[in-house]
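In what follows, chains carry the letters A, B, and so on, assigned in the order in which the sequence lines appear, proteins first and then strands, with residues in each chain numbered from 1.
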Protein chains: 2
Amino acid sequence: MGRHREFDVGKVLDAALCVFWRKGYEGASYADLTAAAGVERPALYSAFGNKEALFRRALARYYELYLGYIPEALQLATAREVAAHILDSAIALNTRFPEHTGCMVINGVLAGSDDAEPVRQILIEARAVAETQLRERFERAKAEGDLPQTARPDALAAFLMAVLHGMAVQAKAGFSRDILKAVAEQALSAWPASEQRA
Amino acid sequence: MGRHREFDVGKVLDAALCVFWRKGYEGASYADLTAAAGVERPALYSAFGNKEALFRRALARYYELYLGYIPEALQLATAREVAAHILDSAIALNTRFPEHTGCMVINGVLAGSDDAEPVRQILIEARAVAETQLRERFERAKAEGDLPQTARPDALAAFLMAVLHGMAVQAKAGFSRDILKAVAEQALSAWPASEQRA
DNA sequence: GCGGTTTAATAACGGTCATTATGAAAAATA
DNA sequence: TATTTTTCATAATGACCGTTATTAAACCGC
């Protein structure tokens with residue numbers, strides 16, 4: 001007996017998921033969460049416990065709703081198909097919702113509160129500057145024949161930056177130097193061969 | 001005229017840089033900063049302005065002290081040397097200081113406050129699980145001849161995860177789908193060829 | 001309809017955040 | 001030495017954080 005719950009727990013969880021996806025864990029305040037969910041604070045506490053428990057539930061739902069392509073890919077016939085499918089799916093997911101781009105797992109530690117927005121823009125700009133410098137250097141290399149005419153300097157720059165970002169994340173996660181070197185080696189093995197000058 | 005400053009502004013800035021490198025922008029409180037710098041709060045405000053200005057100064061010093069390898073690499077003769085030098089240098093920097101690993105620019109939005117540590121561990125674990133799944137799938141592929149015997153499944157998994165992390169960061173920074181696809185294409189072009197079965 | 005029980009909304013809690021007012025201490029000029 | 005100027009340390013500020021009493025409302029079995 002007792003009073004019935006007046007809100008849909010699933011919908012509230014989905015709303016919280018969107019907020020966490022966009023703002024990360026720290027960046028999402030209860031003011032944000034209650035505004036998105038349309039319920040008051042104590043309702044979230046009674047239904048999910050504290051903030052960390054709510055985040056864990058949202059993370060589980062994220063895997064459930066959006067990361068199904070991982071087990072899906074693991075069943076494909078070849079490793080190349082596995083990788084291609086995961087890459088494609090991740091790109092699709094990362095760009096699917098304009099209001100919460102990227103991956104919730106990464107954004108959970110990437111995004112900050114609104115107060116930190118100017119700082120995040122500084123970092124984004126700093127990242128873009130480095131990539132532009134690389135792209136310009138690769139354009140020069142292409143003009144000099146150091147890279148083939150088929151090479152795409154912007155793609156090479158973006159790719160190199162991606163691997164660098166990824167390795168920074170991995171280093172933070174405790175990776176050893178050796179495995180990071182293996183990652184770098186693998187990345188370099190894709191490098192376009194320089195043209196044989198006539 | 002007037003009283004002299006009793007602390008070394010450079011040393012205080014270096015101390016603040018270490019705190020920001022480890023905890024990120026939001027994660028670094030004035031309690032952390034003053035403890036590391038050995039000066040009181042108002043000293044930081046009088047010397048640097050507010051927290052954001054202090055972070056900007058620390059970021060500039062980070063580039064000055066630790067990212068000199070980027071312009072250095074840009075002057076090398078070939079694109080491959082540029083990339084190799086940047087990769088090597090980044091790995092060295094990311095693993096140089098045990099107490100603040102990774103890259104300050106990335107960590108600035110990757111690291112959270114101590115309160116968020118359990119959550120960060122959850123995300124790190126979630127990341128490791130996905131990578132393990134990939135590695136196991138690639139080991140199977142190697143056993144099946146889908147990957148050559150020279151292939152390193154752990155390296156391939158780490159590499160793929162690195163590119164995925166990097167693309168998530170880039171998507172957050174506003175990258176278009178097209179450039180992300182170019183990044184994925186470049187990453188796949190390094191994929192080891194399957195063995196020709198006899 | 002009534003007692004027991006669960007949920008709902010309001011409002012408050014202590015703690016920490018970045019920031020700063022305040023007044024004492026120290027150095028330079030006169 | 002007296003005065004001015006700058007830095008120093010203590011401690012307070014208002015705002016926001018996550019969390020929770022408290023009280024009123026809604027539902028159940030009886």
Side-chain angles (χ1 to χ4, degrees), chain A residues 1-13 15-17 19-20 22-59 108-109 111-122, chain B residues 1-13 15-17 19-20 22-59 108-109 111-122:
Chain A
M1 45 177 139
R3 184 171 174 176
H4 297 324
R5 190 158 266 150
E6 291 183 358
F7 58 90
D8 185 324
V9 177
K11 288 184 178 176
V12 165
L13 186 54
L17 163 58
V19 176
F20 281 129
R22 183 152 69 99
K23 301 200 171 192
Y25 176 67
E26 290 195 310
S29 70
Y30 268 91
D32 298 325
L33 294 167
T34 55
V39 299
E40 297 302 321
R41 258 166 238 229
L44 291 180
Y45 279 93
S46 79
F48 303 99
N50 64 4
K51 190 184 181 184
E52 181 173 336
L54 174 58
F55 184 80
R56 294 174 101 114
R57 288 283 302 274
L59 184 62
V109 275
S113 70
D114 287 344
D115 294 341
E117 183 60 26
V119 171
R120 256 195 46 245
Q121 289 305 319
I122 290 173
Chain B
M1 45 177 136
R3 185 172 173 177
H4 298 324
R5 188 160 267 150
E6 291 183 355
F7 58 90
D8 185 324
V9 177
K11 288 184 179 177
V12 165
L13 185 56
L17 163 57
V19 175
F20 282 130
R22 183 151 71 99
K23 301 200 171 192
Y25 176 67
E26 290 195 310
S29 71
Y30 268 91
D32 298 324
L33 294 167
T34 54
V39 299
E40 298 303 321
R41 261 164 234 229
L44 291 180
Y45 280 93
S46 79
F48 303 100
N50 65 3
K51 190 183 181 185
E52 181 173 335
L54 174 57
F55 184 81
R56 295 174 102 114
R57 289 283 302 274
L59 184 62
V109 275
S113 70
D114 287 343
D115 293 341
E117 182 62 24
V119 171
R120 254 193 48 241
Q121 290 305 319
I122 290 172

Is there side-chain contact between [X] and [Y], with at least one heavy-atom pair below 4.5 Å?
| X | Y | result |
| --- | --- | --- |
| A:Leu54 | A:Leu33 | yes |
| A:Tyr30 | A:Asp32 | no |
| B:Ser29 | B:Lys23 | no |
| B:Phe55 | B:Phe48 | no |

* Asked: Base, backbone or nothing for each nucleotide of nucleotides 7-17 of chain D, written B, S, -, heavy atoms under 4.0 angstrom, 5' to 3'?
  -> BSBB------S
* Asked: Under 4.0 Å between a side-chain N or O of B:Asn50 and OP1 or OP2 of C:dT19?
  -> yes
* Under 4.0 Å: is that the gap between some side-chain N or O of B:Tyr45 and OP1 or OP2 of C:dT19? -> yes
* Asked: A:Phe20 vs A:Tyr25 aromatic rings, parallel, tilted or perpendicular, using cut-offs 30° and 60°?
  ->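 Parallel.
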* Rounded to the nearest Å, what distance is computed from the CG atom of residue B:Leu44 to the C1' atom of nucleotide C:dT20? ->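 Rounded to whole Å, this separation is 14 Å.
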